[in-house]
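Below, read A as the first sequence line, B as the second, and so on, with proteins coming before strands; counting in each chain starts at 1.
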Amino acid sequence: MPLTDPDRLFSSDPKLRSTARSLFESVEALPILSPHGHCDPSWFAQNARFPNPAELLVIPDHYVFRMLVSQGVPLTDLGISRIDGGATETDPRKIWRLFAQNFHLFRGTPSSMWLNHSFEHVFGLDMPLSADTADQYYDHIDDKLSQDAFRPRALFDAFGIECLATTEGALDDLKSHKTIKESGWSGRVITTYRPDAVVDPDFEGFAANIEAFGETTGEKATTWIGYLNAHRKRRAFFKSFGATASDHGHPTARTENLSASDADALFQKALAGTCTVEEADAFRGQMLTEMAKMSLEDGLTIQIHAGSGRNHSQQVFKTHGRDMGFDIPTRTDYVGGLKPLLDAVGMEPDLTVLLFTLDETVYGRELAPLAGAYPSLKLGPPWWFFDSFEGIKRFREATTETCGFYNTAGFNDDTRAFCSIPARHDVARRSDCAYLAGLVETGRLSMADALEVAHDLAYGLAKAAYKL
Amino acid sequence: MPLTDPDRLFSSDPKLRSTARSLFESVEALPILSPHGHCDPSWFAQNARFPNPAELLVIPDHYVFRMLVSQGVPLTDLGISRIDGGATETDPRKIWRLFAQNFHLFRGTPSSMWLNHSFEHVFGLDMPLSADTADQYYDHIDDKLSQDAFRPRALFDAFGIECLATTEGALDDLKSHKTIKESGWSGRVITTYRPDAVVDPDFEGFAANIEAFGETTGEKATTWIGYLNAHRKRRAFFKSFGATASDHGHPTARTENLSASDADALFQKALAGTCTVEEADAFRGQMLTEMAKMSLEDGLTIQIHAGSGRNHSQQVFKTHGRDMGFDIPTRTDYVGGLKPLLDAVGMEPDLTVLLFTLDETVYGRELAPLAGAYPSLKLGPPWWFFDSFEGIKRFREATTETCGFYNTAGFNDDTRAFCSIPARHDVARRSDCAYLAGLVETGRLSMADALEVAHDLAYGLAKAAYKL
Amino acid sequence: MPLTDPDRLFSSDPKLRSTARSLFESVEALPILSPHGHCDPSWFAQNARFPNPAELLVIPDHYVFRMLVSQGVPLTDLGISRIDGGATETDPRKIWRLFAQNFHLFRGTPSSMWLNHSFEHVFGLDMPLSADTADQYYDHIDDKLSQDAFRPRALFDAFGIECLATTEGALDDLKSHKTIKESGWSGRVITTYRPDAVVDPDFEGFAANIEAFGETTGEKATTWIGYLNAHRKRRAFFKSFGATASDHGHPTARTENLSASDADALFQKALAGTCTVEEADAFRGQMLTEMAKMSLEDGLTIQIHAGSGRNHSQQVFKTHGRDMGFDIPTRTDYVGGLKPLLDAVGMEPDLTVLLFTLDETVYGRELAPLAGAYPSLKLGPPWWFFDSFEGIKRFREATTETCGFYNTAGFNDDTRAFCSIPARHDVARRSDCAYLAGLVETGRLSMADALEVAHDLAYGLAKAAYKL
């Protein structure tokens with residue numbers, strides 16, 4: 001019995017299933033556009049083998065280790081490194097076994113679908129993972145990883161990826177991207193401009209980062225004008241490595257549109273480390289509007305990922321640092337927050353601002369009405385905890401009636417788990433086709449229209465929104 | 001192939017479909033009660049022909065032009081007038097073509113269902129609207145509009161409307177309603193008392209409006225007592241033109257129950273234009289309670305439409321004014337907001353307060369628990385962005401288990417798009433029958449009970465809640 | 001025709017129905033664990049007959065009388081006692097008739113499912129309740145109640161209850177529990193430590209309660225140290241009557257982790273009755289953290305029932321007092337509120353904190369991400385307005401993808417309506433099996449796994465979370 005059902009995610013109702021299957025067959029083989037994610041570009045620059053199953057599938061995936069931690073497994077037992085350099089498990093097989101014996105925790109979760117998809121379709125496994133099969137799995141996958149066909153570039157091609165965007169900080173030298181570019185390899189791996197470290201006054205080492213920002217760009221980055229010019233130069237540099245978008249991870253959706261002198265005053269406070277919580281938020285908000293204005297100059301699409309409360313557990317943050325699975329969503333206000341930006345540039349038809357949220361309550365109340373009015377706005381796909389069957393279903397059901405399909409931007413896998421990319425696009429395409437089948441079979445969409453929409457959701461809308 | 005599926009909105013599951021169809025057949029032909037909406041009474045007073053397809057179906061419908069604007073079509077290209085009198089498109093055929101070539105944007109939206117329903121069932125068209133068929137559509141509809149059978153009164157009868165409520169401001173002379181009344185026409189078109197312009201200190205020209213309010217009523221409307229009496233007189237005047245309800249569009253659900261002297265002090269500030277944002281909100285809140293108290297005297301049902309943030313785009317508001325599709329919902333607190341009103345009159349069994357929301361998160365958390373306890377409260381149907389299949393489904397699923405069906409108030413089409421009225425009631429009746437079929441087929445409601453409930457949802461509850 | 005459909009709550013789709021039925025058959029006969037509820041322990045201590053149908057099924061059930069009140073039936077007509085001792089209806093048959101003639105109000109609600117289940121499966125009735133059958137119902141049920149098989153202990157056994165937890169205040173002498181313990185009866189009825197009256201500065205008579213708390217425990221409970229020790233002693237006393245959990249009904253999810261001196265200062269203010277609203281909330285929040293710390297000592301599971309705004313109607317509260325169906329949910333912040341507690345003890349694998357909410361918007365945004373990360377947190381089942389088919393469906397759909405099944409805690413009936421216990425567990429088991437069937441039939445869960453999960457949801461998870 002295979003690990004994955006060929007009709008997975010399609011309704012068991014025969015008419016819905018058959019319609020969904022027809023729609024899916026029309027998009028299943030389309031190339032993958034991955035316009036936003038967190039793969040490591042060095043994989044493709046160096047094309048070295050992935051070290052072992054644990055380091056490929058467990059340790060880097062906070063979806064996975066978070067669930068084990070939530071049931072009492074210590075982070076150190078999973079090989080997650082400590083800030084103080086203290087001991088953590090180093091035997092990948094032991095880590096793998098711990099993962100395998102707890103695999104039942106993932107029942108009903110997208111992680112289980114993604115992992116089983118990878119096990120079956122990437123590695124050719126067909127028995128369920130459990131404590132009993134842990135070693136068999138480990139040996140099998142480890143053996144595969146030693147083969148050339150499982151090196152990063154080969155997998156990239158095998159996955160049918162047409163374009164993959166990574167995400168780099170504003171100070172990154174894009175060395176790996178340079179290596180890729182110069183290597184002659186045909187795979188299209190592009191970067192994304194993510195300036196949080198030089199935009200967020202609360203970021204560790206903000207003032208030092210701005211200093212480095214000035215050195216890198218030859219601008220006097222401690223002045224407001226020089227600082228903005230430094231951004232312009234770095235955006236151009238990122239564009240030269242394929243970037244078509246910037247990305248901004250902010251705790252709120254606040255924007256501001258201050259005068260240059262007010263903005264400068266805030267910037268000087270940020271440099272001096274004297275911003276209040278409120279002023280830091282205002283400065284980040286000002287920078288979203290500045291980025292949007294620069295997008296009008298250079299054409300980059302702007303992505304706003306708002307509403308993640310980072311590093312909720314003090315203890316985990318102290319011991320293990322950032323991105324340890326303890327980022328928790330918070331209630332987010334887009335209607336009030338975005339108004340200054342939208343009053344400044346919201347009616348510009350040539351600007352593309354993509355909105356992401358971790359607060360599903362805003363889909364119908366805020367995001368769809370905004371995107372269904374402002375020409376500059378489009379909705380990014382369900383993000384993080386919500387890029388799953390139910391998450392996609394809720395997104396479509398809550399937004400389509402108000403803003404249609406053409407104010408949305410296709411799918412993002414947004415992952416650092418490389419092997420899950422085909423699985424995630426498979427889930428998204430199936431989920432969208434299941435949704436479309438429901439519209440067709442309840443007389444809300446013709447099959448001819450549904451076929452066009454299915455193609456747009458799987459491919460066309462992402463291509464347009466990200467100018468790929 | 002018809003534009004509308006005869007089984008539209010019913011599940012494709014054979015049992016659910018057949019049960020939904022049986023329920024729908026029992027209510028399909030019931031007369032339409034339209035107890036809240038924004039049709040222009042002059043249509044029925046003058047009974048002139050509708051000028052052309054664009055002015056009938058595109059220009060007045062902010063659901064429609066909003067979507068085109070969201071994809072970069074300038075408002076002026078759609079013939080939307082400018083405040084400064086600047087040029088806008090005046091050729092209705094050009095506007096129609098622009099609409100037709102963008103009709104794919106409406107895929108999956110209720111606008112597409114409503115429009116296709118009108119095209120087929122009002123105008124007898126059966127090919128899909130597109131750039132290719134734009135002129136054919138235009139000519140066909142324009143020809144129909146020139147026929148007597150397509151004049152407003154004839155359509156009113158053809159649509160099977162038993163009663164249609166329009167909405168007029170407190171200062172309106174109700175001239176069109178007078179004309180209708182005196183015309184001897186049998187159609188029942190009634191008005192609704194909507195006093196926002198003399199209740200909201202933030203309304204343009206508030207003080208001048210109060211002056212006019214005094215002149216119209218012969219009351220000294222700048223004193224608190226005179227002002228309340230002016231309301232009483234206008235309510236009576238509106239009642240003489242059939243009004244059975246008042247309606248209140250407020251940004252929040254706040255209410256107050258101040259002493260007369262505190263209320264008067266606030267009123268004087270409002271007249272002087274010195275209210276803070278907070279005081280203006282308090283004054284509006286006080287007036288909701290005053291209106292509820294007057295309802296105890298004169299029997300008008302009170303409708304509270306709370307939570308719309310009006311005119312979000314500064315630029316659109318400056319260029320084109322109000323109601324341009326840029327009203328965006330905001331988070332709304334009913335539990336705290338309504339407490340003063342409810343403490344004052346909430347337990348009165350003879351009072352009917354209908355609550356509407358644009359914040360679906362309050363259905364289960366706030367509105368259904370409130371309506372399931374207070375005798376005066378009933379829930380208005382899903383409003384604006386949510387009077388659609390999915391919107392109605394979410395409303396029923398989130399409210400029925402807590403407050404049942406009998407604390408809800410039937411359907412409102414709430415439209416200014418006259419031709420969409422049968423389509424909207426068709427969608428509501430089908431959506432409710434689909435929901436009821438689900439209850440029947442999962443053993444939660446007997447078929448005998450479902451038939452009674454279907455009738456109540458389509459007809460009886462609106463008749464009772466609005467005393468029609 | 002039976003009142004209850006044997007396949008109720010299962011999809012009408014044949015595959016889904018058959019899978020759901022198979023899953024349900026595997027758990028249908030499992031014993032009932034009722035680890036949280038509000039049954040009166042004196043029923044089982046005295047084992048007297050229930051007085052009459054109205055006092056068994058109408059008067060104590062605020063779900064039921066609330067609905068009648070919402071349609072204009074006065075509380076006094078339903079026999080609800082008045083604080084001033086004023087007259088209320090005393091004839092149980094009259095009350096029953098009023099209930100029966102309004103039974104249509106419950107169409108589509110869980111109350112209707114629970115009541116029909118009791119009518120049929122507890123009392124053997126099979127015609128619908130209505131005005132016409134009211135007397136027949138009354139006589140039939142009253143006759144049953146006079147039989148020994150319908151006394152509390154006999155019903156407890158007939159219902160298949162393995163363990164039932166009641167809830168008592170910190171000052172309760174647990175007399176009934178003592179009687180039960182000494183009676184030799186084999187039924188397992190345990191208590192739960194609910195200290196709201198000595199934890200909430202806003203509780204009526206807080207200072208007097210603390211005085212009594214000191215007397216009961218022999219501690220100087222007006223000092224911070226003595227107060228905490230008094231809690232320790234009472235927790236131990238409750239444990240001696242089987243308690244495995246404490247329970248906390250707080251208006252917010254706020255927690256604090258103050259120094260002992262700051263906590264003491266707040267406590268002294270609370271005793272003096274001088275706490276601000278904000279300080280009272282802080283004190284309650286501090287006590288949640290104290291309780292969690294004591295749980296690390298004594299092993300009690302801690303339940304947080306947050307977000308109910310109590311006694312919304314001033315008039316009803318004045319006339320009839322607490323718990324009269326006018327408790328209305330409010331928006332609740334768990335991410336910010338719980339942080340101090342979680343920073344203190346959240347990573348402890350031996351602590352079990354169960355979170356409950358009346359704000360469904362937090363399922364996906366806050367609760368599932370928190371429970372899917374912190375080892376101490378688990379999600380309690382849908383509560384109060386939401387322990388229904390749709391409520392359970394939304395809970396599973398919104399939480400499973402993020403925190404799986406194993407960070408949830410099985411079902412609570414949380415009822416004071418004894419006869420509804422089997423009905424409520426029946427609804428929960430069916431709803432969960434219907435949900436699992438959906439996962440199986442869309443390829444998201446294997447049938448083998450689903451069978452294990454069904455058992456865990458019906459039995460295993462509650463047993464583990466409450467250490468039963």
To the nearest 0.5 Å, how far apart are [atom1] in [X] and [atom2] in [Y]?
X: C/Phe106; Y: B/Leu445; atom1: CZ; atom2: CG; result: 14.5 Å
X: B/Asp343; Y: C/Phe317; atom1: CG; atom2: CZ; result: 11.5 Å
X: B/Thr399; Y: C/Phe385; atom1: OG1; atom2: CZ; result: 13.0 Å
X: C/Phe103; Y: B/Asp449; atom1: CZ; atom2: CG; result: 9.0 Å
X: C/Phe386; Y: B/Arg365; atom1: CZ; atom2: CZ; result: 9.0 Å
X: C/Arg66; Y: B/Tyr374; atom1: CZ; atom2: OH; result: 12.5 Å

Quiz prompt | Heavy-atom contact with chain B under 4.5 Å, split by part of C/Val316 | solution =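 Contact with chain B: side chain only.
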Do [X] and [Y] touch side chain to side chain, with heavy atoms closer than 4.5 Å?
X: B/Pro375; Y: C/Ser70; answer: no
X: B/Met347; Y: C/Phe326; answer: yes
X: B/Val453; Y: C/His104; answer: no
X: C/Arg331; Y: B/Val335; answer: no

Quiz prompt | Heavy atoms of other groups near B/Lys467 NZ, more than 12 under 6.0 Å | solution =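 Result for NZ/B/Lys467: enclosed.
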Quiz item: Does a salt bridge link C/Glu390 with B/Arg444, judged by any charged N lying under 4.0 Å from a carboxylate O?
Solution: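 Salt bridge flag = yes for B/Arg444 with C/Glu390.
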Quiz prompt | C/Arg107 and B/Glu452 ion-paired at < 4.0 Å | solution =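 A salt bridge is present here (some side-chain N lies under 4.0 Å from a carboxylate O).
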For [X], is it the side chain, the backbone, both, or neither that has a heavy atom closer than 4.5 Å to a heavy atom of chain C?
X: B/Ala371; answer: backbone
X: B/Asp333; answer: both
X: B/Leu370; answer: both

Which of [options] touches chain B most, by non-hydrogen pairs under 4.5 Å:
options: C/Lys393, C/Arg394, C/Met324, C/Met113; result: C/Arg394
options: C/Gly309, C/Ser11, C/Pro110, C/Pro329; result: C/Pro329
options: C/Asp13, C/Leu358, C/Asp5, C/Asp359; result: C/Asp359
options: C/Gly325, C/Pro14, C/Ala434, C/Ser313; result: C/Ser313
options: C/Gly307, C/Pro6, C/Gly72, C/Ser12; result: C/Ser12

Quiz item: Is the backbone N or O of B/Tyr406 less than 3.5 Å from a side-chain atom of C/Gln71, with the two atoms forming a donor-acceptor pair by type?
Solution: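 Such a contact is found between C/Gln71 side chain and B/Tyr406 backbone.
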Quiz item: Taking the side chain from B/Lys339 and the backbone from C/His312, do they hold a donor-acceptor pair closer than 3.5 Å?
Solution: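 Yes, the answer is positive, given that a donor and an acceptor are paired below the 3.5 Å cut-off.
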When only pairs under 4.5 Å are counted, which of [options] shares the most heavy-atom pairs with chain C?
options: B/Val362, B/Asn407, B/Leu16, B/Leu342; result: B/Asn407
options: B/Thr402, B/Thr361, B/Thr400; result: B/Thr402
options: B/Gly372, B/Gly404, B/Gly443, B/Gly438; result: B/Gly372

Quiz item: Side-chain donor-acceptor pair under 3.5 Å between C/Ser388 and B/Glu401, yes or no?
Solution: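 Per modelled atom types, C/Ser388 and B/Glu401 side chains form a pair under 3.5 Å.
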